[in-house]
**Q** 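After the structure tokens below, expect a handful of questions from me.
Atoms within a ligand are numbered from 1 in the order they appear, just like the ligands themselves.
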Amino acid sequence: MKIVKTVQEVRDIVNEWRKEGLTVGLVPTMGYLHEGHQSLIAKSVAQNDRTVVSIFLNPIQFGPTEDLESYPRDPERDAKLCEDTGADLIFRPDVSDMYYDDFCTFVDMDIITKNLCGKSRPTHFRGVCTVVLKLFNIVKPDRAYFGQKDAQQLAVIKRMVRDFNIDIEIVGCPIVREADGLAKSSRNTYLNPDERKAALVLSRSLKKGMDVIKTGETNSKKIIAAITEVINTEPLAKIDYVSVVDAVTMQDVEAIKNDVLVAIAVKIGKTRLIDNFSFSV
Ligand code: AMP
């Protein structure tokens with residue numbers, strides 16, 4: 001496995017692979033890798049001849065008061081996880097390798113980015129789309145892998161690919177959880193022991209939501225109320241949103257029909273965590 005920093009190095013290596021007729025998978029990440037990321041890498045390794053993992057803490061997807069500076073980093077452990085999982089190349093650029101000082105072109109998506117996380121993080125998806133489009137243009141993969149953990153991000157990327165006619169297959173991968181149900185996240189490392197216990201309220205509340213749906217309830221308000229009630233039992237938890245949305249447009253729905261996403265964002269202390277499940281009628 002190779003680790004490179006510059007766009008040109010990636011292009012040279014991928015061009016060689018292309019000459020040999022090899023297929024390429026891309027797994028975009030922000031580093032501090034865990035089993036969630038690893039599942040994406042493993043899927044790419046299984047489906048492609050070569051796998052590129054990008055590790056880039058993308059400043060433009062963080063708001064001014066967010067955790068860019070404190071975001072956990074461990075490049076050596078990341079490299080070992082990638083190598084052990086069968087990745088062929090890590091692309092680990094510096095900010096200056098990705099953004100010229102006078103960089104001024106951004107991807108702005110309407111509608112899908114406005115609800116859920118987009119409400120409290122208004123510039124987030126602009127940063128995500130912009131960096132992912134750049135990574136697509138740099139690596140030119142056949143397939144790219146994204147986790148259902150960030151369900152709105154997955155929907156946004158699928159829409160960007162459709163709207164811009166990008167010839168890359170987007171592969172969604174299921175949420176990987178800790179044994180006790182907490183969705184794995186690099187941000188879990190911020191939680192102190194009390195908060196770590198409190199964070200279980202996310203998966204527990206979603207289980208309640210799923211149970212309510214399974215009894216035949218289709219009214220979104222009632223499903224949201226059931227989830228909210230569980231979260232409110234946890235004193236350390238503060239709800240950002242509890243929503244039932246259309247799985248493609250990310251717009252609120254009054255009742256469950258077709259494919260929906262039940263998504264929550266909850267602050268545990270200072271740490272904002274997200275979780276979700278999909279449901280098809
Ligand atoms: P991040 O490094 O947080 O930007 O995540 C990089 C990719 O890994 C994104 O596509 C995430 O959705 C995915 N990912 C993060 N956590 C998980 C998880 N617990 N299960 C599945 N995929 C995940």
**Q** Do any heavy atoms of His34 fall under 4.0 Å from ligand 1?
**A**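 The answer is yes: ligand 1 sits under 4.0 Å from a heavy atom of His34.
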**Q** Kindly confirm or rule out a cation-pi arrangement of Arg159 over Phe164, judged by NZ or CZ under 6.0 Å from the six-membered ring centre and within 45° of its axis?
**A**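 Geometry flag: not set, cation outside 6.0 Å or 45°.
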**Q** Distance under 4.0 Å to a non-hydrogen atom of Pro174: what atoms of ligand 1 satisfy this?
**A** 20 (N), 21 (C)
**Q** On the 0 to 90° scale, with breaks at 30° and 60°, tag the Tyr190-Tyr71 ring pair as parallel, tilted or perpendicular.
**A** perpendicular
**Q** Considering only heavy atoms of Ile175, which atoms of ligand 1 have at least one such atom less than 4.0 Å away?
**A** 20 (N), 21 (C)
**Q** What atoms of ligand 1 come within less than 4.0 Å of a heavy atom belonging to Leu40?
**A**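 In order of number, 7 (C), 8 (O), 10 (O), 13 (C), 22 (N).
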**Q** Going by distance alone, is a donor N or O of one side chain under 3.5 Å from an acceptor N or O of the other, for Ser70 and Asp67?
**A** no
**Q** Among side-chain atoms of Glu254 and Ser220, is any donor-acceptor pair under 3.5 angstrom?
**A**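 Checked: Glu254/Ser220 side chains show no N/O donor-acceptor pair below 3.5 Å.
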**Q** Can you confirm whether the side chains of Ser120 and Asp240 place a donor and an acceptor under 3.5 Å from each other?
**A**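 Side chains of Ser120 and Asp240: pair found under 3.5 Å.
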**Q** Could you tell me which atoms of ligand 1, counted from 1 in the order shown, lie closer than 4.0 angstrom to a heavy atom of Lys184?
**A**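 So the atoms of ligand 1 that pass are 16 (N), 17 (C), 18 (C), 19 (N).
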**Q** Indicate, as side chain, backbone, both or neither, the part of Gln153 found under 4.0 angstrom from ligand 1 when only non-hydrogen atoms are considered.
**A**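 Looking at Gln153 and ligand 1, just side chain atoms fall under 4.0 Å.
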**Q** Taking heavy atoms and a distance under 4.0 Å, where does Leu33 meet ligand 1: side chain, backbone, both or neither?
**A** neither
**Q** From the options Gly147, Pro28, Ala151, select the one whose nearest heavy atom is closest to atom 10 (O) of ligand 1.
**A** Gly147
**Q** Do Asn188 and Arg196 get their side chains close enough for a donor-acceptor pair, meaning under 3.5 Å?
**A**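 No donor-acceptor contact under 3.5 Å links the two side chains.
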**Q** Tell me whether the rings of His34 and His37 are parallel (<30°), tilted (30 to 60°) or perpendicular (>60°).
**A** tilted
**Q** Do me a favour and list the nearest non-hydrogen protein atom to atom 12 (O) of ligand 1 with residue, atom name and distance?
**A** Asp150 OD2, 2.6 Å
**Q** Do Tyr241 and Asp252 have a side chain donor and acceptor closer than 3.5 Å?
**A**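 No.
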**Q** What protein heavy atom is closest to atom 5 (O) of ligand 1, reported as residue, atom name and distance in Å?
**A**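 Its nearest protein heavy-atom neighbour is His37 NE2, 3.4 Å.
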**Q** Under a 3.5 Å cutoff, is there a donor and acceptor pairing between the side chains of Thr51 and Asp88?
**A**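 There is no such pair (donor and acceptor under 3.5 Å, judged by atom type) between the side chains of Thr51 and Asp88.
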**Q** When you check the side-chain N and O atoms of Glu195 and Thr271, is any donor under 3.5 Å from an acceptor?
**A** no
**Q** For Asn58 and Tyr99, does a side-chain donor sit closer than 3.5 Å to a side-chain acceptor?
**A** yes
**Q** Under a 4.0 angstrom heavy-atom cut-off, which atoms of ligand 1 come close to Phe146?
**A** 10 (O)
**Q** What do we get for Gln148 next to ligand 1 when only non-hydrogen atoms under 4.0 Å count, side chain, backbone, both or neither?
**A**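 Looking at Gln148 and ligand 1, no heavy atom falls under 4.0 Å.
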**Q** What protein heavy atom is closest to atom 20 (N) of ligand 1, reported as residue, atom name and distance in Å?
**A**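 Nearest protein contact, heavy atoms only, for atom 20 (N) of ligand 1 is Val176 N, 2.8 Å.
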**Q** Going by the atom numbers of ligand 1, which of them fall below 4.0 Å from some non-hydrogen atom of Thr29?
**A** 2 (O), 6 (C)
**Q** May I ask you to identify the nearest protein heavy atom to atom 4 (O) of ligand 1, giving residue, atom name and distance to one decimal place in Å?
**A** Met30 CG, 3.5 Å
**Q** Need the ligand 1 atom indices (1-based, order shown) with element for anything under 4.0 Å from a heavy-atom of Lys149.
**A**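 Listed by number with element, the hits are 16 (N), 17 (C), 18 (C), 23 (C).
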**Q** Can a non-hydrogen atom of Glu35 be found less than 4.0 Å from any atom of ligand 1?
**A**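 Flag not set, Glu35 not near ligand 1.
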